[in-house]
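Below: the structure, in structure tokens.
Keep in mind the model is a prediction, meaning the values are calculated, not measured. Here, residue 1 is the first one in the sequence, and each next residue gets the next number. In each ligand, atom 1 is the first atom listed, and ligand 1 is the first ligand listed.
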Amino acid sequence: MQTNRPFEYLIPDSLTEVVVPGMRVEVPFGRGKRKIQGFVMQVKETSDFQGKLKPISRVIDLKPVLSNEMLQLSYCLADRTYSFQISCLQTMLPSVMRAKYKQYVIPLDKEDEEVQSLLNGKETLEITNQLDDITIRLINRLRQNNKIDIQYVVENQALQIKRQAVTTDLNVIQLHEAKSKLRANAKSQIKLLDFLAHHLEELPVELNVLQKEFGISRSAIKTAEKNELLQIIEVTKLRKPVGIDPEKTTKLKLTEEQHVAVSEISAAIQSETPQTFLVEGVTGSGKTEVYLQTIEKALQQEKTALMLVPEISLTPQMVNRVVGRFGNQVAVLHSGLSSGERYDEWTRIESHDVKVVVGARSAVFAPLDKIGLIIIDEEHEASYKQDDNPRYNARDVALWRAQMNHCPVVLGSATPSLESRARAEKGVYRLIRMKKRINNQSLPHVKIVDMRDSENSAIKGDFSPALKESLQTTLQRHEQAIVLLNRRGYSSFMMCRECGFVLKCPNCDVSLTYHKDLGKMKCHYCGHEEPVPRICPNCKSKKIGFYGTGTQNIEQQLNTLFPEARVLRMDVDTTRRKGSHAKILQKFGQHQADILLGTQMIAKGLDFPDVTLVGVINADTTLSLADFRASERTFQLLTQVSGRAGRADKTGHVVIQTFNPDHYAIKDAAKQDYETFFKQEMYIRHQANYTPYYFTTLISVANKDEGQTLKQSYWLKKQLETSLSKDAILLGPSPTMISRKQNKYYYQIIVKYKHEPQLHQKLLEILNETQADAKKGFTIAIDNEPQHID
Ligand code: ADP
Ligand code: ZN
Ligand code: ZN
């Protein structure tokens, strides 16, 4: 059974001073001989435990793997995400540290007598559980005095890159003596000894480098080795993420708006104020330059900086901008890295080799210290929230770390989340608006195409005459186009092709979804169900049906319409292989293609000067999501993708095809008018009691037996009712979108509330009580402020 309770153990005399918080240890647990891994949370002089304390068996780490900050964070994280502290602690570490690896002693002070005796003439010493306590204590003391370091090496040999390198134990005088003894015609030996004498400080040097860059032959090296003039050793070369070698960039001269943003944020960095800024800047307003110059400010203050970006926009373009400015002071953490590479980056951060970390969600746990600035780009992105345990939102973790580090947080977006924008409205966050594009370039011209009208409803494929014509013009001008197929939604909602009507729940104002197993339309929030309509309830047309098209199909249509155009397709299928995402973008960037066709993944962060047209095939899909954020997601997507057009000197055009041309999310996105959208959407959220007016918690129950799942769900609902006031709204239990996954039935309960002081405690109790049920095959998940409801 999992628990959040810490357990007390005795530190054996042999391990006093060795055991410190943040280390992992092995301890006996329970009655049998079972040993488990634990994290040292705290070291105390005395214990209140009544019985006899068991001793720690051994230490797993010889240096703490988690800082005090991270240990503190784990308490809050477990509490806030209704998860177990142990899973929070593990989430903070790179995955290889959960796998098998070895630890080695690396000498830092080779002259030290104790170091020499420890290593006993060897280059390193592997730390195994065979080592006696005296040795462990010695290792610990030497490490604290910076005479040695401990390095983790993943056991999987393939992950290590070992290189042969040359070093020497002779000093300059000895090298010269050796040289004078050589015959004058031993040219290559002389060259080698000269090299060593001149580069003593830089040794060891890789054998490869010596051969390739300094023209010293392998045989010369071998001869010198035989004569004991040098030694060949193995070194572990730190891997560097691939494909990063951008040109160095320098500071741009800031525009007026950028200048205001940079100076406000810089002032907070300087005064160490944990203020949160919301930078609401239209697409192309130059937010990245604001990030770069404020990061520079933090570095000038001898601090570090953390920048989070959504995985999907962790494109080479974005990474290059940061690495181009700060070079090898930057560590990049993204899902394309192997676990070994990820671990290397983690080590570089932990050992203070880097000052700037750029990464996706989990990078928020990067072991940086003295953080001077945290940036969250595209702060509205749902991917900052983890869908599995612990269900944390990187945005919350960032705010917490900012408090601990006394540093500002910058949330940046052209389309902020309603939660953040509402907080700015209340003065909790400082709002900085950037309304103009760089060079005063106008926002793109957007044309909304009404797919219901006679001209368009008659077309065979998915391209309206207006979009076809715009594509034609763009191709003729040798400019580029981006075509978005909005596919986030599932084809399980119903829409009328005659009038754009979408079938919605009468209680919840979200779309109903089709449940195949029931043959009915159902609401995920409250469980309301009704039969599948045969005719449109709005206009009586028979053209009501399920909705959805694939990218491959659109690609074929493009090939038929424009046989001469070069089309690149980017979707989950074409980007499965490592690096393919980057390759497609590179190709497009070099204008080796005319049209980039893709799903949501092409909507963000791309900055290509030749793109003058953006076409959106189906704006309505996200609008029909069975989620109260459907309008927000649609507005964000359309604004972001439109923002890809006309970023350089040429004006951009956007064509949006929709069956709902009068919907405010579409109309406001066409004008790139966030503020108007915000006001309208806030009104609707207020009417329907949704975020940010209400907090939301989602509790889901799963079991192989549907009857049991329902029973458990109703029991949970009863439990919750006892602790809630009459102002809270309890919805469900209702089946989730796919009510049966891996042979388990899923039901969910939604709590909407404003102020329920007892709810948190109750949920923690439920979490603990239902532990026993886990054995019976129940899974219970509590999701605080869910980003998707399905
Ligand atoms: P955003 O992220 O706000 O959409 P970007 O940061 O991508 O916008 O900036 C848009 C373009 O403007 C980029 O090509 C960038 O290099 C350029 N840019 C940004 N700031 C300046 C500046 N001060 N002077 C000139 N060009 C700039
Ligand atoms: Zn209709
Ligand atoms: Zn409903």
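Counting only N and O atoms by type, the side chains of E681 and Y664 include a donor and acceptor under 3.5 Å apart. Using a 3.5 Å distance cut-off with no hydrogens or angles, the side chains of S417 and E379 do pair a donor with an acceptor. No donor-acceptor contact under 3.5 angstrom links the side chains of T622 and R633, judged on distance only.
Near K253, meaning under 4.0 Å from any of its heavy atoms, are these atoms of ligand 1: 22 (C), 23 (N), 24 (N).
Salt bridge status for E785 with R395: absent, with no side-chain N to carboxylate O gap under 4.0 Å. Taking a cutoff of 4.0 Å between a charged side-chain nitrogen and a carboxylate oxygen, D673 and K667 do not qualify as a salt bridge. A salt bridge links E419 to R629: at least one charged side-chain nitrogen sits closer than 4.0 Å to a carboxylate oxygen. Under a 4.0 Å N-O distance rule, the pair R433/E257 does not qualify as a salt bridge.
Under 4.0 angstrom from ligand 1, the non-hydrogen atoms of R321 all belong to its side chain. With a heavy-atom cut-off of 4.0 Å, M434 does not touch ligand 1 at all. In T288, the parts holding a heavy atom less than 4.0 Å from any atom of ligand 1 are both the side chain and the backbone.
Distances from atom 4 (O) of ligand 1 to the heavy atoms of G286, P609, G284 put G284 nearest. Across the listed options D377, I438, L292, I438 owns the non-hydrogen atom lying nearest to atom 12 (O) of ligand 1. Counting heavy atoms only, L252 comes closest to atom 16 (O) of ligand 1 of the residues V290, V279, T249, L252.
Below 3.5 Å of separation, one finds an N or O of S285 facing an N or O of ligand 1. Taking only nitrogen or oxygen atoms, main chain and side chain alike, T283 does not reach within less than 3.5 Å of ligand 1.
Distances from the Zn ion (ligand 3) show that H528 has no N/O/S atom below 2.8 Å.
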